[in-house]
Amino acid sequence: MKTILVPVVLLFLAITHYGNSAKILGLFTAPARSHYILGSALMKGLAEKGHDVTVISAYGEKQPPKGKGTYRDIVVTEIQNSIQEMLKNEKMSMVDRENLNPFFAALFVGHVVPKLMEPVLSNEGVQQLIHSKEKFDVVIIEQFLNDAQKALATHFGAPLVLLSTVGANFWINSLVGNPGPTSYIPALSLGYTVPMTFRQRLSNTLLTLLNEVYYPLYVHPNENAKIKKYIPNGPDISDVLYNVSLVLMNSHPSTNQPVPYVPNMIDIAGFHIKPPKKLPQDLQEFLDSAKDGVIYFSMGSNLKSADFLPEKRDAVLKTFSTLKEKILWKWEDDVLPGQPKNVKLSKWLPQQDILAHPNVKLFITHGGFLSTAETIYHGVPVLAIPIFGDQKLNAKSAVRNGFGIALPYSDLTEDTFAKSVHEILTNPKYKTNAKKRSELFHDRLVGPMETAIYWIEYVIRHKGAPHLRVAAVDLPWYKYHLLDVIGFLVLVSLGLVLVSYYVVKIACRKLCSKQKSKKVKKH
Ligand SMILES: *[C@@H]1O[C@H](CO)[C@@H](O)[C@H](O)[C@H]1NC(C)=O
């Protein structure tokens, strides 16, 4: 009996485990909650599908999901401490951040953020994992100035998957050999829209060139030093950077400018959005009873409403007090001086469920990537007040697609704010276009979370799926840009011009001397 049982049990284990459950490590260590929300949503989706996931982040889940697979958190609290340190030293107002020079910002970010990430690899829990004998089937890392972490994929013998919270950009493109022509694809931080003017194309190209030099010469060597310091027998950074199996992108042609993708770049925008849940009682009543509609106002998780300058806040309040609509405002303080009767405050609001309510007519937002995707999902028009990062770009694309107005924080006055709010509330085109965008967003073969899970499992099944890599990643930059070919053609052309010049010159001299001799004969 026993002898039969053993193979049966082994067979059973093999069937239930093989192809069903993978061991997945995720690192989402960006010092911003909005980034973490996306990473943890993906890992929860994988755990619900039955995979065993381990998540390294600055936050961690208060209530880890109880799905088929296991969910393990390794929280690096040091990241939050180092941000607090930095914020203490940095007294930057919202306007300062809004007007940061993009060239300076590019250098600043590449210098500061990797430093903030250093505690990840030195963290005790992470070090224990590194020195354990554990293996993973795939390692998923958010692409965000944390290149040293990518060596963990090599260390754990797993394919590397990247998650981009903002879609295609310089960082992603350079790693997977994706074309990103600066003639028509503006860099995220510049906030340009197409078509770009000559000056914009010039800035766009110069910023890309700056990055192309800055990263290999400054950022990557620093990251390489971290690998050698924290990972035993760590690989060289040049061997891990360009060995990406898959890039999952929080973008979609309905929300982002359409751009070319190499085969291992996959759009999954909206994967973090859940079908609407029941609202808390008080909110449900507030929204249901708003016969004239509701304006929902939130500046996201990073920007506190309390950071608003008093004159800007008063401009907003004066406009609100004249409206018949109700306003639901995410406000982090207990009091709001001069709070009108139609305004309800709350420190935390279930944003997705609020946007799903049919009485919500307008979303006043900073235009972050989560808010943008959620508002498009539910077809709600926006008044975007962008501050930094990709927010300006998101705001402008809301304008281009006709479902929103962008009002930069520095331009916000009582006059501009009131006009923008009235325009969106009274002109039906914003709602119509928002609905149209929403239809485009939903019209897909399969949902974005299923897409993400399918591709992650695909990469596991096909051992990193190296057949998806384009050959561009193996070319040195001068070959990729055809500088050798262009140089050769220029030399040949120069040669031809020179040869022609001398041929003509010699021919001329011969002809002229004949004519001269003719002239001499005539006389
Ligand atoms: C590159 O990726 C492939 C496929 O995932 C893997 O087999 C190989 O070990 C990786 N190389 C390094 C240096 O990580």
Side-chain angles (χ1 to χ4, degrees), residues 18-29 39 42-43 46 51-56 114 117 120-121 126-127 129-164 171-178 215-216 219-249 261-266 268 451-477 480:
Y18 181 76
N20 269 339
S21 172
K23 285 198 66 176
I24 302 177
L25 174 65
L27 286 103
F28 308 98
T29 56
L42 181 62
M43 299 308 274
L46 288 163
H51 298 300
D52 295 328
V53 305
T54 302
V55 185
I56 301 176
M117 300 286 189
V120 176
L121 289 178
V126 176
Q127 277 297 320
L129 189 66
I130 289 175
H131 287 92
S132 72
K133 292 275 177 288
E134 264 189 72
K135 287 279 171 230
F136 290 93
D137 297 306
V138 67
V139 174
I140 307 174
I141 298 183
E142 188 207 344
Q143 171 62 36
F144 192 74
L145 297 148
N146 48 0
D147 294 312
Q149 296 177 5
K150 294 171 186 169
L152 290 178
T154 311
H155 178 78
F156 291 116
L160 174 62
V161 172
L162 299 180
L163 172 69
S164 167
W171 294 312
I172 293 291
N173 291 343
S174 60
L175 302 183
V176 290
N178 190 51
Y215 279 83
V219 181
H220 295 160
N222 283 348
E223 293 291 284
N224 201 33
K226 278 194 226 164
I227 297 177
K228 304 292 176 202
K229 188 166 166 194
Y230 297 114
I231 302 175
N233 304 319
D236 218 59
I237 190 148
S238 55
D239 292 328
V240 287
L241 275 183
Y242 306 100
N243 201 28
V244 180
S245 291
L246 172 70
V247 188
L248 296 171
M249 291 189 306
Y261 284 170
V262 292
N264 59 354
M265 292 170 83
I266 304 293
I268 56 163
T451 306
I453 293 175
Y454 168 81
W455 279 101
I456 291 166
E457 292 175 346
Y458 181 96
V459 162
I460 298 173
R461 276 198 297 279
H462 299 290
K463 310 267 175 289
H467 63 285
L468 296 179
R469 274 172 103 236
V470 298
V473 280
D474 300 323
L475 293 179
W477 57 273
Y480 177 79

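Whatever order the structure lists ligands and atoms in, that order sets their numbers, starting from 1. By convention here, the first residue in the shown sequence is residue 1. Scope of the values below: all heavy atoms of this structure, side chains included, with no hydrogens, waters or symmetry mates.
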Looking at V240 and P235, what are the two nearest heavy atoms and their distance?
-> CG1-CG, 3.7 Å
Would you confirm whether any non-hydrogen atom of the protein falls under 4.0 Å from atom 9 (O) of ligand 1?
-> no
Under 3.5 Å: N/O of D239 near N/O of ligand 1 | no
Measure from NZ or CZ of K135 to the centre of the six-membered ring of F156 and say whether it is under 6.0 Å with the direction within 45° of the ring axis.
-> no
Counting only N and O atoms by type, is there a donor-acceptor contact under 3.5 Å from the side chain of E223 to the main-chain atoms of D147?
-> yes
Give the residue, atom name and distance (to 0.1 Å) of the protein heavy atom nearest atom 4 (C) of ligand 1.
-> K463 O, 3.7 Å
How does P159 reach ligand 1, by side chain, by backbone, by both or by neither, if only non-hydrogen atoms under 4.0 Å count?
-> both
What do the steps show when you test E142 against T29 for side-chain hydrogen bond (donor to acceptor under 3.5 Å, both in side chains), and what is the final call?
-> CA-CA 8 Å; E142 188 207 344; T29 56; over 6 Å; no
Which class fits the ring pair Y215 and W171: parallel under 30°, tilted 30 to 60°, perpendicular over 60°?
-> perpendicular
the protein heavy atom lying closest to atom 14 (O) of ligand 1 turns out to be T154 OG1, 2.7 Å
At a 4.0 Å threshold, what atoms of ligand 1 neighbour a non-hydrogen atom of N243?
-> 1 (C), 2 (O), 3 (C), 8 (C), 10 (C), 11 (N), 12 (C), 14 (O)
